[in-house]
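Heads up: the structure comes next, in structure tokens.
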Amino acid sequence: MSPVGLCCLLFVCVSVCYWVPAGCYGNGMVTNVCGSMEPQHGVYGQTTSSPYHLTTNTTTFNPGDRIQVVLSGTRYFIGFLLEARDAINPDSVSTVGTFTLTNPDRTQLLTCNEQQGSAVSHTSEATKTEVIVIWNVPQDSPTEVQFLVTVVSQYNLFWVKVPGPIIYQHGVTPRPPRSTTTPPPMWTTTPSILPGPFDSDTCGQSKSCLLDPPGCDPKEDPHCYFLSMTTEGPDKTSVMFELSGPAEGYISFALSRDTWMGKDDVYMCVKDGDRVSVSTAFISGRTHPEDQSQSGISSVSWRLADGAIQCRLSRPVKLAHQEPGRYDLDQEYFLFLANGQAEYGKIRRHRLQPLVSTRKKRITGPPEVLTGSRGPTIMKAHGVLMLLAWMLTGSIGTFIASFYRSDWPNQTLLGQKIWFQVHRGLMVLTVTLTIVAFCLPFFYRKGWSKHAGVHPYLGCCVLALSLCQPIMAVFRPLPDSHRRYIFNWAHWGVGSLTEIMAVAAMFLGMRQSSLLLPQPWATHVLIGYVTWLGSFRLLLLIHKHLYVKKSLGSDDQQAIHSGQPGPSSWGSFLKSLVLAALALGNSGFLIALLSSIAEI
């Protein structure tokens, strides 16, 4: 690999490392927020009077009727979500009936609660001032139905669950209107500022704590990942959570029924400029949060100072209304911590994956101190085997084939030239380590990792190219064949491409949440390794072209760049020292990364 190639490789790796998948909802496909009806735009909805309103062409209905519903306003809007719900049970998230479109170009039907056509949304971000749809009354309709709509005027300006008219079945007496003095929803309250940082002094005494690294103190160390849980009230009917971590974007914790990220109750503290937004969400997998809101949480406060983001919130042990993905706290759960770089407005574009996990814990149980694990053992083994294969055995094996054929021209081992036996042994070991390491993530993920970026695709390419090498070697022509040069170049080209992809995969792999190595230290170590390897390759290439006479030999001495006559014993000794230095240096970089994996 040339120095220019190494520089290009580093540039590509760094660029890929910071690639983040993006998503948007300009097409109106917002079925993941059918329950909350809250846009995942990273800001709270407006609490002022809405400029938009709903009207119907009747106030009463019978099952089977078709009722016109009109959404209109005094200003343009770009998006909306319209649903009909049971007015007697305002906390219900179940939709009632179905809709029929009058303008399919601008509106579309959605499937909420597994009922096709139970909601209506926009098809694009085109501006509009009016939407007209038809609501079809089901045969099992409740006696009172209310229409609700969320309207988006601009990306950061929207109104959530704007109430529409309540219509009644024929013969049902309308209820008196609700008081207009009802306090606003909990999520509209403004969080307060914490008076100071959290501390871990009472962990295990009055509160349960999760600390990573073990024994860290959030009051002193901004890189301390800290979660505490304290029951509140004489009957212990609520729990107060304290969460702290590096102020890089967001930090969150999740309650999970198993050791896999997915179908979890998540609570997030997200940096939003010079303030912190606190919310809860549902995570269906290693994806962005869904149904993001502040439903069910109270006593919210936060602090953003000294390089740390900290927030405090309370929630009842038992929720008044059970929503999908929201769990009561009187059971045992696995605890996950996650953090990321995103600002609040972009949090939905980031997948949440566990950074720290711990054993099953009953939140309302006796106080105790828990320590986190930043990577499952099976993923640690994956990283160790891949680093061992491509930082030591693979790189040394390729160096011997490229530069040391002529140094041991007559020595043999088990009937074959010694350089060939050493090269073949190291490369067979490399392929074996790669195969084993490749299988481990599938055991851990129980399938393909859909949100791990480019890394798994590079891993597949590395394995496929590695397997091509021994297959090609089995069918290589004889040394004196006129087609031998085709094999030589193909063998060298595939090997070089495999090594480049392996290095790129290592750069990306150290940023995976299941094996997140300390940054930027781990990246600097790997850059040092690539620079070290490139320097030795350049040194030996200069030696090969300036001090070694080229000759065409028979047998396997005809290398990719043509073979060389045997050097002097002194020159051979110096090259052996270079090989030893290379092996020791590679081992040093490898041990540095392995030590960081051991500390995870």
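Predicted model, so just to flag it, every value in this text is computed and none were measured.
Between the side chain of Arg106 and the backbone N or O of Thr127 there is at least one donor-acceptor pair closer than 3.5 Å. The backbone N or O of Thr237 lies less than 3.5 Å from no partner atom in the side chain of Asp235, so there is not a single donor-acceptor pair. Remark: side-chain polar atoms of Lys128 are paired, donor with acceptor, to backbone N or O of Ile78 under 3.5 angstrom. For the pair Thr150 (side chain) and Met37 (backbone), a donor-acceptor distance under 3.5 Å is present. Under a 3.5 Å cut-off, the side chain of Lys318 and the backbone N or O of Pro316 do not form any donor-acceptor pair. With hydrogens and angles disregarded, no donor-acceptor distance shorter than 3.5 Å links the side chain of His382 to the backbone of Pro441. Using a distance-only test at 3.5 Å, with no hydrogens or angles considered, no donor-acceptor pair links the side chain of Glu130 to the main chain of Ser72. Of the possible polar contacts, none joining the Asn113 side chain to the Ser118 backbone as a donor-acceptor pair under 3.5 Å is found. Checking side-chain atoms of Asp328 against main-chain N and O of Leu319 turns up a donor-acceptor pair under 3.5 Å.
Contact detail for Asp217 and Asp199: the closest heavy-atom pair is OD1-CA, 3.8 Å. Minimum interatomic distance between Leu304 and Ala247 (heavy atoms only, all atoms of both residues): CD1-CB, 3.7 Å. Closest of all the heavy-atom pairs between Val145 and Ala84 is CG1-CB, 3.9 Å. Contact detail for Lys236 and Val317: the closest heavy-atom pair is O-CG2, 3.5 Å. The two residues Ser153 and Arg75 make their nearest non-hydrogen contact at OG-CD, 3.7 Å. Counting all heavy atoms, side chain and backbone alike, Ser36 lies closest to Val160 at O-CG1, 4.1 Å.
Proximity of Gln331 to Leu329: side-chain heavy atoms (C-beta onward) are nowhere separated by under 4.5 Å. Taking the side chain as every heavy atom from C-beta outward, Tyr168 and Thr143 never approach each other to under 4.5 Å. Side chains of Val137 and Asn62 form no contact here, defined as non-hydrogen atoms less than 4.5 Å apart. Annotation: side chain of Glu83 is not in contact with side chain of Lys161 (no heavy-atom distance under 4.5 Å). Ser228 is listed as a side-chain neighbour of Cys209, based on a closest heavy-atom distance under 4.5 Å. Between Val266 and Phe282 the shortest side-chain heavy-atom distance does not fall below 4.5 Å. Annotation: side chain of Pro165 is not in contact with side chain of Gln146 (no heavy-atom distance under 4.5 Å). Looking only at side-chain heavy atoms (C-beta outward), Ile67 and Asn57 come within less than 4.5 Å of each other.
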Steps toward side chain to side chain contact (heavy atoms under 4.5 Å, CB included) verdict (Thr107, Val131): CA-CA 8 Å; Thr107 58; Val131 168; 3.7 Å; yes
Stepwise side chain to side chain contact (heavy atoms under 4.5 Å, CB included) check, Leu335 with Met229: CA-CA 11 Å; Leu335 295 174; Met229 300 145 282; 4.0 Å; yes
Worked verdict on Ile134 versus Phe99 for side chain to side chain contact (heavy atoms under 4.5 Å, CB included): CA-CA 5 Å; Ile134 303 298; Phe99 290 90; over 6 Å; no
Derivation and outcome, side-chain hydrogen bond (donor to acceptor under 3.5 Å, both in side chains), residues Asn136 and Thr98: CA-CA 5 Å; Asn136 307 304; Thr98 60; 3.3 Å; yes
Criterion side chain to side chain contact (heavy atoms under 4.5 Å, CB included) on Val33 and Glu38, from CA distance to verdict: CA-CA 6 Å; Val33 295; Glu38 295 182 12; 5.8 Å; no
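For the atom pair CZ of Phe198 and CG of Leu243, the computed distance is 7.5 Å after rounding to the nearest 0.5 Å. The NZ atom of Lys271 lies 14.5 Å from the SG atom of Cys311; values are rounded to the nearest 0.5 Å. Atom NZ of residue Lys380 and atom CG of residue Leu440 lie 14.0 Å apart, to the nearest 0.5 angstrom. Here Ile363 contributes atom CD1 and Leu255 contributes atom CG; the two are 5.5 Å apart, rounded to the nearest 0.5 Å. Rounding to the nearest 0.5 angstrom, the gap separating the CD1 atom in Ile251 from the CD1 atom in Ile309 is 7.5 Å. With rounding to the nearest 0.5 Å, the separation of CE in Met510 from CH2 in Trp521 is 9.0 Å.
Looking at Ser244 and Gln310, their side chains do bring a donor and an acceptor atom within 3.5 Å of each other. For the residue pair Asp258/Ser256, the side-chain donor-acceptor check at 3.5 Å is satisfied. Side chains of Ser200 and Lys219: a donor-acceptor N/O pair is absent below 3.5 angstrom, by distance only. Under 3.5 Å, the side chains of Ser94 and Asp86 contain no donor-acceptor pair of N or O atoms. There is a side-chain donor-acceptor pair under 3.5 Å between Glu232 and Ser314. Between the side chains of Tyr267 and Arg315, at least one donor N or O sits under 3.5 Å from an acceptor N or O.
When each of Leu71, Thr100, Leu82 is tested with Val133 by the rule side-chain contact (heavy atoms from CB on, under 4.5 Å), just one qualifies, namely Leu82. For the salt bridge (Lys or Arg N to Asp or Glu O under 4.0 Å) test with Glu368, the passing option among Lys207, Lys361, Arg362 is Lys361; the others fail.
A ring-centre distance under 6.0 Å is found for Tyr52 and Phe77.
Taking the ring axis of Tyr327 as reference, the NZ or CZ atom of Arg257 stays within 45° of it and closer than 6.0 Å to the ring centre.
Using cut-offs of 30° and 60° for the angle between ring planes, the Trp135 and Phe61 rings count as perpendicular.
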